[in-house]
Amino acid sequence: MKNLVIVESPAKAKTIEGFLGKDFTVKSSFGHIRDLPSKKLSVDVENNYAPDYVIPKDKESVVKELIKLSKSADLVWLASDEDREGEAISWHLKEALGLKEEKTRRIVFHEITKSAILNAVENPRTINTDLVNAQQARRILDRLVGYELSPVLWKKVKPNLSAGRVQSVSVRIIVERERQIESFQPNSAFRVLAYFNVDGMEVRAELSKRFDTIEETRAFIAGCENASFSVADLQKKPAKRTPAAPFTTSTLQQEASRKLGFGVTRTMRVAQDLYEQGSITYMRTDSVNLSDLALNAAKDEIVKLYGAEYAKTRKYSSKSKGAQEAHEAIRPTYMDKKEVKGDAAQQRLYDMIWKRTIASQMEDAKLERTTVNVSVSSSEIGFVAQGEVIVFEGFLKAYLEGTDDETEDTKGMLPNMTVGQDLDAAKVEGIERFSQPPARYTEASLVKKLEELGIGRPSTYAPTINTIISRNYVVKEGKEGVEREYGYILLDSNGIKEEVKTEITGAEKVKLFPTDIGKVVTDFLVENFTEILDYNFTAQVEKEFDEIADGQKEWTSMIDAFYKPFHKTTVHTAENAKKATGERLLGVDPKSGRNVYSRLGRFGPMVQIGEAENEEKPKFASIPAGKRMEEVTLEEALELFKLPREVGEFEGEKLTIGIGKYGPYVRHGKSYVSIGELDPMTITKEESITLIEDKRDELKKMMISEFKDGEDVVQVKNGRYGPYIAVGKKNYRIPKETEPESLTLADCKELIAKAPAKPKRGAVRKKK
DNA sequence: CAGTGAGCGAGCTTCCGCTTGACTT
C-alpha cells in the first residue's frame, strides 16, 4: 500500500476512496482517538498543566488497525477537519501512531468533491501547532472547570451533580426565563376592530389606538353606532421577502422542531441516517456555505422546475468571525434527487432540506403591501386595514421558513377601494387583550439561544440538552392553562352588547422547565462562580483561544491566568459557603409549635418539622415530583406528614400509601405499585385496587410461557428490549428469527447452553 | 426496589467535543 488517508467519519472515508484511485486507502479515526481519562483530573496543575492523554477503551481497536496500516504505507495523509478539533485529531494521530515527520502529510478540504480532494492532495502542509494548542487549552479549561466545580456541588448541594462551562449556563438560561415568567405582571388594553363589507369581501381594520380602560372603549364604540365610515387614505408599497440561508445544525434543529415536531436528538438521528445513505452532506456544521458544484446544480434544478426567472445564485457567509468552517451547509448531495427511500421521518426531513436549499438559491418574493386608513365621523381616531398581495412568488414557490411566534397575524388580500369611498361597518368589537410573558424555551429555541451566545458546538447541542435533563436540572413537560376573564363589547345590527368572556391562558405544549435542584444549583453557582456563569464567559475565552491559534498567546499562560484565581475561589467556596438547600420557612406546625421548612435534602426536595440543632429530632417527608419546592404551602407540607396512610384492605392485606425512593406508591403486602399521576393524599381504596390489578395484568402479558426444569423455573418473557428467557436472576437473549411463542423447554435449554459467558460490564471497566 | 435528610467516612460521582455502533436480557 502506498498511501493511507485518515478522515474523521467512516461515511466520508467511503466517498473519498472513490475519488482517489487504487493507490490510496482511506480509513476513519471515528473522531478523537485520545482524551483525558474520565477517572482523574489528569491535568498536572503543578507542572504547567501537562495533560495525561490516554486512548479510551472503545478506540483501542481503531488505533491498533491504523498503526498496522500506517506501518505498511509510504505516506500517511491526515485529513481530519480544518478546525481546532480536527487539527488536534491529526496531532493525536501523529503521536499515537508514532508517525515520522517525513512520511506524514496534513491536508484539508471543505467539500467532498473530487476536485477539492485532488486539490488538497496537491497542497499538503504540516500540522499547525498553534491551532492544536488552542484545542488543548479548550480541552483543559473545560476539564478544570468541570472537575473542580462538580465536587463543590457534591459537598454543598447534593452528590452526583455536575457543573460545566456549557451545561451550567444552559440551565441558567432556563432558570432565569422561568423566574421572568413567575414575576410577570400582565397589562391589559382594549383592541377595537371594525369589520366592513366591500364588494362581498370582509375587510378587518384595527383602531390605531388601544384603550386602557373599558370605559373609554365603551364610549368609543357607542359613538360608532350612528357614525359613518369612509376611506381617508390608501397607500400601496412594494415589498420583498428574501429566502433563509441553507441549514446549519442549529437551524435544522429549529425548523424540524417547528415544522415536524422533532426533538433535537431525533432530528440528529434521522439526519445521520440520511448522511450515511449518501443523501445529504454532513449534518454537524455551523457553515451556511454551499460549494460551487451545489450552486450550479441548484440553479439547473430551479430552471428546470420553475423557469429561469426564479433562479438567483446567492453566496451565504457566516456572521461570526470565529466560525469554524470545516464543512458545507447541510444540503442534498444531489440536488435533482427530490425524494429518498426510507421511513416517513427520513423523507420529511430530507424534503425540508431539499426545499430549504433550493429556496436559498431562488429570487426574492415580491409583494405589494396596502394600507387603508378609515376615518370615523364620531372620532378623531381612525382604523387601519392592511393587506398583502404576492406579485411574484419567487422562493415562496418552494419553501417558507417557520416562525416561533404563535400570535402573528396573517394578512390577506384587500378588495379594491378608493379614497373617499363610504364603508358599511357590519360590526365593531372591543376586546380586552393581555400582554404575554416571555416564552419558555423548547429544545430547539434553547439551541438557538446557545448558538447566539457562542456556547457549545453543532456536535454538542443535542447531548447538552440530554445532560441537563438527565441530571434532573430541567424537565421537559407540558402545562395546563388556567381560565382568565376578559372584557368584550360588540356593536352590530342588534345594537351594543357587553359581556365578560373567558379564555385559557398559560397552557404550554412540551417546554423546558427548571427543577428545584436546577434552581438551587444555579443560584449557588451564580453567587459563588459569577465569572463562569456569565453569559459572556465562553465568548471571552474563545477570544483567547483564537489568540493562541494565531500564535499571539501561549496556551499555558492563558490557562494559568484563568486557573489560579478560579482554583482559589473553589477552595474558598468549599470551605466557607453555606450548604445550598433553597430552604424556606413555611410557618409553624400548630400541633408541636415547631417551625416547618421546605428545602433540598440529600435525596431531593423535602419538608421538615423542627431544626436539626434541637434536642428533638426533626421529622422529614419527601415532596413528590411535580410539586415545586418553591410553591409548597404550610398546609400541603403538613398533609405530607400524614403519609404513609392506610386506605383499606384488599384480599386480607392492608393497602398503604407512601412516598418512597421511586416516588409515591401503593403497598399491598409485599408488593409495591407506583401510583403515577394520582395524588397520594386523595387516592382511594378503589383506585389502589385498580392499580394493583392493572399491574397484575401487565405482568401476565409479559409472560409468554413458563416451564419447570427440576428445581428451576424457566420463563419466556416480554421485556423492554423484546422477548427473552429468564432463569432465576439470569437472563438470556432469543435470536431475532425465532418466534418466542414456539420455544419449548428443550429449545430454551439449548439457547441457555449456547449463551456466551460474558463478564459483567462493570468488571470490564474496572480492569483498565 | 420503597423509610433516608445531622455527621462520621469508605468509595463513588464530574467536564466538552469529535465520531459511530454495540447492545441492553
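Proteins come first, then strands; the chains are lettered A, B, ... in the order of their sequence lines, and each starts at number 1. The analysis underlying the following values was restricted to heavy atoms, covering all of them including side chains, and did not include hydrogens, waters or symmetry mates.
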Inter-residue atom distance L78(A).CG - L4(A).CG, 0.5 Å rounding: 8.5 Å
Heavy-atom donor-acceptor pair, R457(A) side-chain to dC18(B) base, under 3.5 Å: no
Sugar-phosphate only, base, or nothing, as touched by R34(A) at under 4.0 Å among non-hydrogen atoms: nothing
Interatomic distance, L450(A) CG vs dC16(B) P [rounded to whole Å]: 11 Å
Atom C1', compared across dA6(B) and dA2(B): separation rounded to whole Å: 23 Å
Rounded interatomic separation in angstrom, taking CH2 from W154(A) and P from dG11(B): 15 Å
Spacing between F603(A) atom CZ and dA6(B) atom P, to the nearest angstrom: 8 Å
T538(A)-R165(A) side chain donor-acceptor pair, cut-off 3.5 Å: yes
Residue pair A577(A) / N528(A): nearest heavy atoms and the distance that separates them: CB-OD1, 4.3 Å
Distance-only donor-acceptor test (3.5 Å): side chain Y665(A), base dG3(B): yes
N/O (side chain, K39(A)) to phosphate O (OP1/OP2, dC12(B)) under 4.0 Å: no
Charged N-O contact under 4.0 Å between K27(A) and E65(A): yes
Paired stretches of DNA chain B - 3 or more consecutive Watson-Crick or G-U pairs, each distance under 3.5 Å: none
Sole residue of T281(A), D81(A), T248(A), T285(A) in side-chain hydrogen bond (donor to acceptor under 3.5 Å, both in side chains) with H327(A): D81(A)
Interface residues of residues 88-97 of chain A with DNA chain B (non-hydrogen, below 4.0 angstrom): none
Sugar-phosphate only, base, or nothing, as touched by Q167(A) at under 4.0 Å among non-hydrogen atoms: sugar-phosphate
Rounded distance in Å - CG (L640(A)) to P (dG5(B)): 18 Å
N-O pairing of E85(A) and R457(A) below 4.0 Å: no
Residue S622(A), side-chain atoms from C-beta onward, closest of dT4(B), dG17(B), dT14(B): dT4(B)
DNA chain B: 5'-proximal contact among Y147(A) and I657(A) (nearest heavy atom): I657(A)
Value rounded to 0.5 Å, distance of CZ in R284(A) from OH in Y461(A): 13.0 Å
Ion pair K59(A)/D35(A), N-O distance below 4.0 Å: no
Closest non-hydrogen atom pair, E148(A) against Y563(A): OE2-OH, 2.6 Å
N/O (side chain, T460(A)) to phosphate O (OP1/OP2, dC16(B)) under 4.0 Å: no
Rounded distance (Å) that lies between atom P of dC8(B) and atom NZ of K155(A): 10 Å
Short N-O contact, K12(A) and E276(A), less than 4.0 angstrom: no
Whole angstrom value for the distance that separates P of dT14(B) from CG of N472(A): 14 Å
Separation of L640(A) CG from M606(A) CE (nearest 0.5 Å): 12.0 Å
First of P159(A) and T464(A) reached from the 5' end of DNA chain B, by closest nucleotide: P159(A)
Sugar-phosphate only, base, or nothing, as touched by L153(A) at under 4.0 Å among non-hydrogen atoms: nothing
Sugar-phosphate only, base, or nothing, as touched by G456(A) at under 4.0 Å among non-hydrogen atoms: sugar-phosphate
Proximity to the side chain of R143(A) - top-ranked nucleotide from dC16(B), dC15(B), dA6(B): dC15(B)
Of the listed nucleotides dT14(B), dG5(B), dT13(B), the one nearest the side chain of P151(A): dT14(B)
Residues E583(A) and S598(A): side-chain donor-acceptor under 3.5 angstrom: no
Protein-nucleotide distance (R165(A), atom CZ; dT14(B), atom P), rounded to Å: 19 Å
Considering all heavy atoms, the nearest M558(A)-L141(A) contact: CE-CD1, 4.3 Å
Rounded distance (Å) that lies between atom P of dG17(B) and atom CD1 of I140(A): 15 Å
Sugar-phosphate only, base, or nothing, as touched by V166(A) at under 4.0 Å among non-hydrogen atoms: sugar-phosphate
Sugar-phosphate, base or nothing in reach of R667(A), heavy atoms under 4.0 Å: nothing
Just the atom pairs and distances: protein N or O near nucleotides 19-21 of chain B's N or O, under 3.5 Å.
from, atom 1, to, atom 2, distance (Å)
dT19(B), OP1, Y282(A), OH, 2.6
dT19(B), OP2, Y282(A), OH, 2.8
dT19(B), OP2, R284(A), NE, 2.9
dT19(B), O5', Y282(A), OH, 3.3
dT19(B), O4', G31(A), N, 3.4
dT20(B), OP1, S9(A), OG, 2.6
dT20(B), OP2, Q272(A), NE2, 3.3
dT20(B), OP2, R284(A), NH2, 2.7

Atom P, compared across dG7(B) and dG3(B): separation rounded to whole Å: 23 Å
Under-4.0 Å salt bridge between E17(A) and K14(A): no
